[in-house]
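Below, chain A is the first sequence line, B the second, and so on; all start at residue 1.
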There are 2 protein chains.
Amino acid sequence: MQPRKRITKVESIPLPAVRRLSLYLRQLESFADQNRKMVSSRQLGEVLGLSDAQVRKDLAYFGQFGHSGIGYRVAELIQRVRSILGTDRMSSVLLVGAGNLGRALVAFRGFQKRGFELVAVVDKDPQKVGQVADGPNRLKIHPASDMPALVRRYTIRVGILAVPASAAQQVAEEMVAAGIRAVLNFAPVALKVPPNVSVASVDLAIHLEQLSFELISANQAEG
Amino acid sequence: MQPRKRITKVESIPLPAVRRLSLYLRQLESFADQNRKMVSSRQLGEVLGLSDAQVRKDLAYFGQFGHSGIGYRVAELIQRVRSILGTDRMSSVLLVGAGNLGRALVAFRGFQKRGFELVAVVDKDPQKVGQVADGPNRLKIHPASDMPALVRRYTIRVGILAVPASAAQQVAEEMVAAGIRAVLNFAPVALKVPPNVSVASVDLAIHLEQLSFELISANQAEG
DNA sequence: CTATGTGAACAGCTTCACAGCG
DNA sequence: CGCTGTGAAGCTGTTCACATAG
């Protein structure tokens with residue numbers, strides 16, 4: 001009964017294309033900061049290490065944003081891409097876990113500029129609850145049991161999971177139960193979540209291992 | 001003159017396969033902790049959300065590690081994968097930048113277990129130099145100018161770049177000049193490095209944007 | 001003449017399905 | 001039998017090359 005393809009004109013956008021959209025946005029914003037008005041697919045691709053065809057095709061999946069013979073208007077394209085990614089409006093974000101990493105994330109100023117606002121911090125440890133986690137706006141640390149109320153009050157859909165690996169799966173389930181629909185996971189475990197919840201994982205050890213492998217390959221290549 | 005293919009049996013390993021190798025290793029270690037002795041490709045794939053065929057093919061790119069009718073011996077496979085990734089021996093790692101993120105990384109205990117040892121920290125800020133950055137082993141913060149000497153002394157090839165975006169490109173070049181061959185980059189910029197240097201980037205905003213996009217797609221899908 | 005948008009060709013990755021081995 | 005390892009098939013993503021628009 002399940003139709004194989006969407007009826008709407010989605011036409012299967014490659015997942016890598018969506019990832020690159022974020023890269024384009026970042027570079028476009030950098031161009032805008034330098035007062036650059038126009039950019040061609042070739043120029044945009046060059047700084048990011050991609051082919052011009054790749055850039056054009058990626059953007060074309062989402063609409064016709066370019067101008068023949070001219071290229072893309074930087075400001076216009078920024079608006080379009082932000083709207084596609086849903087970062088043209090601010091999203092509220094909840095941070096779970098106020099350890100070393102958690103506090104570094106609170107202090108991180110990069111979220112705000114890109115459409116995400118950290119509105120609440122929770123931690124299980126009663127010693128930490130009530131403390132102030134500093135950052136762009138000072139945030140009090142709430143007990144984990146407040147999660148459902150916080151999610152409702154601020155209509156939060158995105159949560160950052162920064163707790164030890166041993167607690168991650170259980171905390172993730174609590175987050176989902178509280179209404180979180182997307183989780184940025186820093187714990188080195190494969191989270192099991194319902195299919196209507198998205199997870200993105202950041203795993204430092206894995207990145208280091210990839211680099212290690214590349215080093216070995218490079219060494220072997222040169223003999 | 002350059003032969004198109006390696007003479008050895010490399011036969012072009014898919015990049016995604018290498019990335020998954022790290023996932024396999026993590027899961028295998030978790031199995032080992034639970035005293036699990038054997039595992040089949042189906043079981044390993046299941047917990048990671050991959051097909052059994054995928055797991056078998058990935059592992060087969062690197063050799064014949066399985067046993068017909070039985071599966072894979074956990075301990076044996078861990079050794080093999082570590083050796084492939086080059087994490088069967090400890091690698092020395094240099095951290096550049098002792099801000100909030102840098103200090104969180106120093107405190108992070110996950111590196112040690114996976115074959116990476118943070119052996120030195122440097123920072124440009126004279127105020128920070130000389131301070132002790134705590135962590136598994138207490139490390140003094142060195143001035144940036146010490147980088148070449150530190151890299152030589154500890155034979156460091158891997159560096160972690162945790163400085164503000166505005167300084168990242170220049171600092172990356174200093175790292176490369178000092179002898180670093182692989183960079184784990186936390187600054188939200190596309191680093192330009194020589195072809196013999198590897199870069200892996202961790203960009204929180206990009207992950208959040210991906211999640212945001214998935215949320216939008218999910219909403220549209222259900223109407 | 002320049003640079004986009006896009007079908008068509010190509011390459012790369014994943015899944016299938018089964019021979020072969022313990 | 002059960003499970004691996006692997007050609008072959010199938011699918012997804014990228015590159016090519018050109019018609020089209022300003």
(request) At under 4.0 Å between heavy atoms, which parts of nucleotides 15-22 of chain D does protein reach? Answer with one letter per nucleotide, 5' to 3': B base, S sugar-phosphate only, - none. (result) B-B---B-
(message) Nearest whole Å is fine: how far is dG13(D) P from Ile13(A) CD1?
(response) 11 Å
(message) Quick one, Gln27(A) and Phe31(A) - any side-chain contact, counting heavy atoms below 4.5 Å?
(response) yes
(request) Report the C-alpha distance between Gln34(B) and Ser30(B) in whole Å, list the side-chain angles of each, state the deciding distance to 0.1 Å, and finish with yes or no for side chain to side chain donor-acceptor pair (under 3.5 Å). (result) CA-CA 7 Å; Gln34(B) 302 158 215; Ser30(B) 160; 3.3 Å; yes
(request) For the pair Gln210(A) (side chain) and Val18(B) (backbone), establish whether a donor and an acceptor sit closer than 3.5 Å, ignoring hydrogens and angles. (result) yes
(message) Quick check against the 3.5 Å criterion: does Ser212(B) have a side-chain atom that pairs as donor or acceptor with the backbone of Leu85(A)?
(response) yes
(request) To the nearest Å, give me how far apart CG (Asp58(B)) and P (dG5(D)) are. (result) 12 Å
(request) Specify the residues of residues 71-82 of chain B, ordered by number, for which at least one heavy atom lies under 4.0 angstrom from an atom of DNA chain D. (result) Gly71(B), Tyr72(B)
(request) Output yes when a side-chain donor or acceptor of Ser217(B) lies under 3.5 Å from a complementary backbone atom of Phe213(B), and no otherwise. (result) yes
(request) Using whole Å, report how far CG of Asp52(B) lies from P of dG5(D). (result) 12 Å
(request) Would you please test Leu77(B) and Tyr24(B) for side chain to side chain contact (heavy atoms under 4.5 Å, CB included) and show each step? (result) CA-CA 9 Å; Leu77(B) 192 50; Tyr24(B) 299 151; over 6 Å; no
(message) Any residue in residues 19-42 of chain A with a heavy atom nearer than 4.0 angstrom to DNA chain C? Just list them by number, or reply none.
(response) Ser40(A), Ser41(A)
(message) Are the side chains of Arg80(A) and Glu76(A) in contact, using a 4.5 Å heavy-atom criterion?
(response) yes
(message) Using the rule given for side chain to side chain contact (heavy atoms under 4.5 Å, CB included), can you reason through Tyr72(B) versus Leu59(B), listing the C-alpha separation, both sets of side-chain angles and the distance that settles it, and then say yes or no?
(response) CA-CA 10 Å; Tyr72(B) 301 85; Leu59(B) 294 174; 3.7 Å; yes
(message) Has Arg157(A) got a side-chain atom pairing as donor or acceptor with Thr155(A)'s backbone, closer than 3.5 angstrom?
(response) no
(message) Can you see whether Gln43(B) engages Arg36(B) through a side-chain donor-acceptor pair at a distance of less than 3.5 angstrom?
(response) yes
Please set out all donor-acceptor pairs under 3.5 angstrom arising from side-chain atoms of residues 172-190 of chain B, sequence neighbours excluded.
from      : atom 1 : to        : atom 2 : distance (Å)
Glu173(B) : OE2    : Gln169(B) : NE2    : 2.7
Glu174(B) : OE2    : Gln170(B) : NE2    : 2.8
Asn185(B) : OD1    : Ala187(B) : N      : 2.8
Asn185(B) : ND2    : Ala187(B) : O      : 3.1
Asn185(B) : ND2    : Val189(B) : O      : 3.4
Asn185(B) : ND2    : Ser201(B) : OG     : 3.1

(message) Please report the distance, rounded to the nearest Å, between CD in Gln43(B) and P in dC3(D).
(response) 7 Å
(message) If you compare all heavy atoms of Met38(A) against all heavy atoms of Gly71(A), which two are closest, and at what distance to 0.1 Å?
(response) CE-C, 4.0 Å
(message) By the 4.0 Å heavy-atom rule, please label Leu59(A) as base, sugar-phosphate, or nothing.
(response) nothing
(message) Between the side chains of Glu209(A) and Arg82(B), is the shortest nitrogen-to-carboxylate-oxygen separation below 4.0 Å, so that they form an ion pair?
(response) no
(message) Need two values: the first and the last nucleotide of DNA chain C, 5' to 3', having an atom under 4.0 Å from any heavy-atom of chain A.
(response) dT2(C) to dA8(C)
(request) Return the stems involving DNA chain C, sorted by first number, where pairs are Watson-Crick (N1-N3 with N6-O4 or O6-N4) or G-U wobble (N1-O2 and O6-N3), both under 3.5 Å, and runs are 3 or more long. (result) C:1-22 with D:1-22
(message) What is the separation between atom OH on Tyr61(A) and atom C1' on dG13(D), rounded to the nearest whole Å?
(response) 7 Å
(request) Count the heavy atoms belonging to other residues, nucleotides or ligands that lie under 6.0 Å from NZ of Lys192(A), then report whether that count exceeds 12. (result) yes
(request) Scan side-chain atoms only and decide if Ser91(A) and Glu117(A) contain a donor-acceptor pair under the 3.5 Å cut-off. (result) no
(request) Kindly say whether Gly115(A) contributes a backbone atom to a donor-acceptor pair with the side chain of Thr87(A) at under 3.5 angstrom? (result) no
